[in-house]
Amino acid sequence: MAQSATVTNKDTPQGLGFAVSAYFMWGFLPLYMKLVAHIPSVEVVAHRIIWSVPIAGLLLVILRRTDALREALTSPKTLALGALTAALISVNWAIYVYSIATDRAVDSALGYYINPLFSVLLGAILLRERPTRAQTVAIGLAGLAVLVLFVTASRPPWIPISLMLTWGFYAYCKKSLPIGPNQGFMLEVVILSIPAIPYVAYLYSTGQGYFLTDVSNTWLLIGCGVVTAVPLIVYANGAKLLRLSTIAILQYIAPSMIFIVAVFVFGETIDTGRMIAFPLIWLALIIYTTSMIREMRKG
């Protein structure tokens, strides 16, 4: 394809800048999602998809990269992989929106904390990115934290585990999508808009939807496209320019901010299991980050 993206196994300054920016934007996202907490999660996700299409499309027009998208739409292999990444990200969005609406943002933070180390594990298994001894210890601590969650939980910790799995595999598959990151995101939302548009139309026709019910709800739902498309496009550009293990470890910027918002802004409480799991994850991240910095200095 004319605009095929090159997947890199090197870290670049541009990739670092994109990734850090995306994670900061995601860190503030719970504040916006709380504003639409009164709207059913599936409807919010549908509008995140629909209103992302014009934003992503406009970007491609400005960058003059629409040819690659047209080629992708005629490639069964690319369409299949795009459908897979689209499915993963839509499920991730739905779980995340639900967690904010049901006052379980702490669980979202925990899921996104665990995910970097899960991505490191995926990198080691699927991409042959060999972890050091310290990094292996970090992965083990993350596994212990997950075990603690299951042993101590009064209810299954499905939110953090589901967020970890869906985002981890999304990041892995995204690197394999044979088109540029911006075209890839556009492909995903175009695929997802096929069910999203009829669903929103159905809600409107039956009087069950919140769109066009009043000015506030309407603009909040339209804004979902902006807060969805912008950080994900920025992230997608960063993911193509960094190693999977590097972008994975940078991800703890976002859950740190989500955790702070959940506890100090939303007033959520932390049970015993999470009081044990969070320090284990933080220790794992410190060990892994220290190891990564040492390796970079040697290089």
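Here the shortest heavy-atom pairing between Ile281 and Ala145 reads CD1-CB, 3.6 Å. Considering all non-hydrogen atoms of both residues, Ala277 and Leu110 come closest at CB-CD1, 4.5 Å. Closest heavy-atom contact between Cys224 and Val36: SG-CG1, 4.5 Å. Between Ala262 and Ala105, the shortest heavy-atom contact is CB-CB, 3.7 Å. The two atoms that bring Leu122 and Gly168 nearest to each other are CD1-O, 3.5 Å, heavy atoms only. In terms of heavy atoms, Val227 sits closest to Met33 at CG2-CE, 4.2 Å.
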Stepwise side chain to side chain contact (heavy atoms under 4.5 Å, CB included) test for Val261 and Phe28: CA-CA 8 Å; Val261 169; Phe28 287 112; 5.7 Å; no

Problem set entry | Check against side chain to side chain contact (heavy atoms under 4.5 Å, CB included), Lys174 and Leu88 | CA-CA 10 Å; Lys174 189 73 174 181; Leu88 288 167; over 6 Å; no

Check against side chain to side chain contact (heavy atoms under 4.5 Å, CB included), Met186 and Val53:
CA-CA 7 Å; Met186 182 64 179; Val53 173; 3.9 Å; yes

Practice problem: Go through Phe259 and Tyr112 one step at a time and tell me if the ring pair (Phe, Tyr, Trp, His ring centres under 6.0 Å) criterion holds. | Solution: CA-CA 10 Å; Phe259 179 82; Tyr112 289 126; over 10 Å; no

- Apply side chain to side chain contact (heavy atoms under 4.5 Å, CB included) to the pair Phe266 and Leu31, showing each step before the final yes or no. CA-CA 9 Å; Phe266 298 160; Leu31 298 174; 4.3 Å; yes

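When side chains are defined from C-beta on, Leu81 counts as touching Pro178, because their heavy atoms get closer than 4.5 Å. Side-chain atoms of Val106 and Phe278, non-hydrogen and from C-beta on, do get closer than 4.5 Å to each other. Annotation: side chain of Thr152 is not in contact with side chain of Thr272 (no heavy-atom distance under 4.5 Å). At a threshold of 4.5 Å between non-hydrogen side-chain atoms, the residues Leu221 and Val200 do not count as touching. Between Tyr210 and Leu220 there is no side-chain heavy-atom pair separated by less than 4.5 Å. Taking the side chain as every heavy atom from C-beta outward, Leu163 and Tyr96 approach each other to under 4.5 Å. Between Thr228 and Val189, every side-chain heavy-atom pair lies at or beyond the 4.5 Å cut-off. Contact annotation: the side chain of Asp214 never approaches that of Trp219 to less than 4.5 Å [non-hydrogen atoms, C-beta and beyond].
In terms of modelled atom types and a separation under 3.5 Å, the side chain of Thr74 and the main chain of Glu71 share a donor-acceptor contact. Between the side chain of Ser75 and the backbone N or O of Ala72, no donor-acceptor pair lies under 3.5 Å. Formation of a donor-acceptor pair under 3.5 Å by the Thr12 side chain with backbone atoms of Leu241 is found in this model.
Cluster membership for Ile194 and Trp93, using ILVMFWY side-chain heavy atoms within less than 4.5 angstrom, is not shared. Under the 4.5 Å side-chain contact rule for hydrophobic residues, Leu283 and Met164 do not share a cluster. Connection of Phe264 to Ile100 is established within a shared hydrophobic cluster, with ILVMFWY side chains joined at heavy-atom distances below 4.5 Å, either directly or through further cluster members. Cluster membership check: Leu141 does not share its hydrophobic cluster with Ile125, using side-chain heavy-atom separations under 4.5 Å among Ile, Leu, Val, Met, Phe, Trp and Tyr. Tracing side-chain contacts under 4.5 Å through hydrophobic residues (I, L, V, M, F, W, Y), one reaches Val137 starting from Leu144; they form part of the same cluster.
Expressed to the nearest 0.5 Å, how far CG of Leu84 lies from CZ of Phe169 amounts to 10.0 Å. Considering OG1 of Thr136 and CD1 of Ile287, their distance stands at 11.0 Å, rounded to 0.5 Å. Note: Arg274 CZ to Leu280 CG = 13.5 Å, rounded to the nearest 0.5 Å. With rounding to the nearest 0.5 Å, the separation of OH in Tyr32 from CE in Met25 is 15.0 Å. Taken from OG1 in Thr102 to CD in Glu268, the straight-line distance is 8.0 Å, to the nearest 0.5 Å. Distance check: Arg48 CZ to Ile222 CD1 gives 15.5 Å after rounding to the nearest 0.5 Å.
Using modelled atom types and a 3.5 Å distance limit, the side chains of Tyr113 and Ser256 yield a donor-acceptor pair. Inspection of the Asn115 and Tyr170 side chains reveals no N or O donor paired with an N or O acceptor under 3.5 Å.
Ring geometry for Phe211 versus Trp51: interplanar angle of 30 to 60°, hence tilted.
Residues satisfying the side chain to side chain contact (heavy atoms under 4.5 Å, CB included) test with Ala196, not counting sequence neighbours, are Ala46, Ile49, Ile50.
Each of Trp26, Phe18, Phe24 was checked for a ring-ring contact (aromatic ring centres under 6.0 Å, His included) with Tyr235, and the lone residue meeting it is Trp26.
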